[in-house]
Amino acid sequence: MARLRFCTADGDVESVGEVRMKFDALRRRFSQLEDAKETSCGNKRADLRASTVLMNNGILANTRKRIGAVPGIEIGGIFFFRIEMCLVGLHAPSMAGIDYMNLKFDREEEPVAISIVSSGGYEDDVEDKDVLIYSGQGGVSKRKDKKEKEAGDQKLERGNLALERSLHRGNEVRIIRGMRDLVNVTGKIYVYDGLYRVHESWTEKGKSGCNVFKYKLLRIPGQPEAFVIWKSVQQWRDNVSSRPGLILPDLTSGAEKLPVSLVNDVDYEKGPAHFTYSRTLKYSKPIKSMGPSVGCSCQSTCLPGDPHCSCVMKNGGSLPHTANGVLVVRKHVIHECGPSCKCYPNCRNQVSQNGLRVRLEVFKTNDRGWGLRSWDPICAGTFICEYAGEVVDEVKVGVDMDGDEENEYVFDSTCDIDDSFEWNYAPELLDEERHEARGPQLSLVISVKHSGNVARFMNHSCSPNVFWQPVLYDHSDESFPHIMFYAMKHIPPMTELTYDYGLCGTYFRNMQRRVCLCGSYKCRGFIH
DNA sequence: GAGTATTCACTTAC
DNA sequence: CGTAAGTGAATACT
């Protein structure tokens, strides 16, 4: 997936990835801190606070303005905040819709447009997904005495002038399309839709009767699909049967809260080998013998920092997820509220146990069997699914497989990826203490050969976009946690979900290594 | 209550 | 140093 384009001193796949990871890590931490505060003071906006820290530390990519593609930023990439696009050099202004720069032509210096963020206010203007009609900027001024806004004619200056010049010069303009976030209704998601050219400009009368500039941009052909995927998904959502290659509208037969469609649009295979769909984890011994969990006695909902809430205290005094359910940092274990707690079921300390929240699809890959992907865009830290199956008896792990054929449908927690268990964690930027994330080594092995949930279809990648997190809620035995999968980074719709299967696990130790086909430039060459 | 409008706080680049 | 900019979140209103 991640293709290495070219490297420059200030921007490439690695540095853009690092900036984006750190930005979101800080942003989540700031929201968590803000959540816990009763009296808020100063800047409440976690996104802006995170960006300030990064800028003060010089953690930026592609700081030089440029025309055309930006190293390390793929077409189809998604952003949840405007400021995120500033930090990686995709679109420099924090609020304005048009970015431009002066370019020398012969001896004349002229402003030309570099990139546009289209908020989608005029989305019904055009049917064709390769066309963008964009309104110019300006024409609105604040009256000095009152706070009311006054409409006026737009002028041929700033971004408008730059777009006009770009029409004549024919330079590439990056287009970012803003869409409403369906999960977080107040939020917006920005999709980088690749390069366009300005083809036409005119003026028309706006609502207030004043002149507005209009620009028609056409997408340069031959680029990977981006925005058009969003439009297709929208169609499938309205009518599942319009999904090409659909085999089953819901492979879980209603077991999950959301349907999971089964799709094959590459060959004629009619589906994966038979298995029983089960969304719960089956233990080899009863939960009671594992030590029941002692719940909290909160009245309605558990609050961060509450010393009387035993669940909050088990999590180190804070809630592991932000107010909109995004995991803040990876820990050796997370304690969610469970059946033995007195708090209400809508308590904010119950996230991963509540099942699917993103619309998933099991699909046939080109060369790695069946895989998993999402119709919805996924924000870093979002819960995706549990690894549900049968816990393999500890005695059987590591001994020979009784002549059983090799079972590859296994999750093995003993596989060491590297010595670090961390994800997106940068306490040094906040002058915070680094806590030891890795707890005692788990020996948990889960088989999904006979029964399991969607997680059994998740393939391995050496540069994955998903990681696992142990969670406890229905018992207190730390050696048998639930294994919950979360997004490592923002994942655009229809991108395959993968996690790192790791190396040298006890279960796989005596098996032949499989060749890895993940295609990442960091590929280790083998799985397990 | 959910969905929309308004207000308010805040940042970058002229 | 002021100001504009398809911001984003919290709050006020239907």
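Chain A is the first sequence line, chain B the second, and so forth, proteins listed ahead of strands; every chain is numbered from 1. No hydrogens, no waters, no symmetry mates; every other heavy atom, side chains included, goes into these values.
Side chains of W202(A) and E204(A): a donor-acceptor N/O pair is present below 3.5 angstrom, by distance only. Judged by distance alone, the side chains of S374(A) and D376(A) never bring a donor and an acceptor atom under 3.5 Å apart.
Minimum atom distance to the side chain of Y190(A) is reached by dT7(C), of the listed dT11(B), dT12(B), dT7(C). The side chain of A96(A) lies closest to dA5(C) when the candidates are dA9(C), dA10(C), dA5(C). Relative to the side chain of K44(A), the nucleotides dT12(B), dA10(C), dC10(B) differ in distance, and dA10(C) lies closest.
Searching all strands for a Watson-Crick or G-U wobble partner of dT6(B) with both distances below 3.5 Å returns dA10(C).
Between the CG atom of N56(A) and the P atom of dT11(B) there is a distance of 11 Å, rounded to whole Å. Atom P of nucleotide dC10(B) and atom CZ of R49(A) are separated by 10 Å, given to the nearest angstrom. With rounding to whole Å, L161(A) atom CG is found 20 Å from dA13(B) atom P. The CD atom of Q137(A) sits 13 Å away from the C1' atom of dT12(B) (whole-angstrom rounding). Atom-to-atom, CD of Q154(A) to C1' of dA5(C) comes out at 12 Å; the value is rounded to the nearest Å. The CZ atom of R27(A) sits 11 Å away from the P atom of dG8(C) (whole-angstrom rounding). Note: CE (M95(A)) to P (dT7(C)) measures 7 Å, nearest angstrom. Rounded to an integer number of Å, the gap from CG of D47(A) to C1' of dC10(B) is 10 Å.
Within 3.5 Å, a donor on the side chain of R45(A) pairs with an acceptor on the base of dT7(C), or the reverse.
Counting all heavy atoms, side chain and backbone alike, R219(A) lies closest to I75(A) at NH2-CG2, 3.7 Å.
Contacts of S94(A) with the nucleic acid, taken as non-hydrogen atoms under 4.0 Å apart, include base atoms. The residue M55(A) sits close only to the backbone: its heavy atoms come under 4.0 Å of sugar-phosphate atoms, none of a base. Residue contacts for I98(A): at a heavy-atom cut-off of 4.0 Å it reaches the sugar-phosphate backbone alone, with no base atom in range. At the heavy-atom level, G138(A) lies under 4.0 Å from the strands shown only through sugar-phosphate atoms.
The residue among V185(A) and S51(A) whose nearest nucleotide of DNA chain B lies closer to the 5′ end is V185(A). Residue G139(A) is the one, among N184(A) and G139(A), whose nearest nucleotide of DNA chain C lies closer to the 5' end (criterion: closest heavy atom). Both I83(A) and R158(A) sit near DNA chain B, but only I83(A) has its closest nucleotide nearer the 5' end.
To the nearest whole angstrom, the two C1' atoms, one in dT3(C) and one in dT7(C), are 16 Å apart.
For the pair Y100(A) and dA5(C), the criterion of a side-chain N or O lying under 4.0 Å from OP1 or OP2 is not met. In terms of phosphate contacts, R82(A) brings a side-chain nitrogen or oxygen within less than 4.0 Å of OP1 or OP2 of dT7(C). For R180(A) and dT4(B), the shortest distance from a side-chain N or O to OP1 or OP2 is below 4.0 Å. Within the structure, every side-chain polar atom (N or O) of S31(A) is placed at least 4.0 Å from both OP1 and OP2 of dA9(C).
D193(A) places a side-chain N or O within donor-acceptor distance of the main-chain N or O of F227(A), the cut-off being under 3.5 Å. At least one donor-acceptor pair closer than 3.5 Å links the side chain of N62(A) to the backbone N or O of P71(A).
W236(A) carries R243(A) over the face of its six-membered ring, with the cationic atom under 6.0 Å from the centre and within 45° of the normal.
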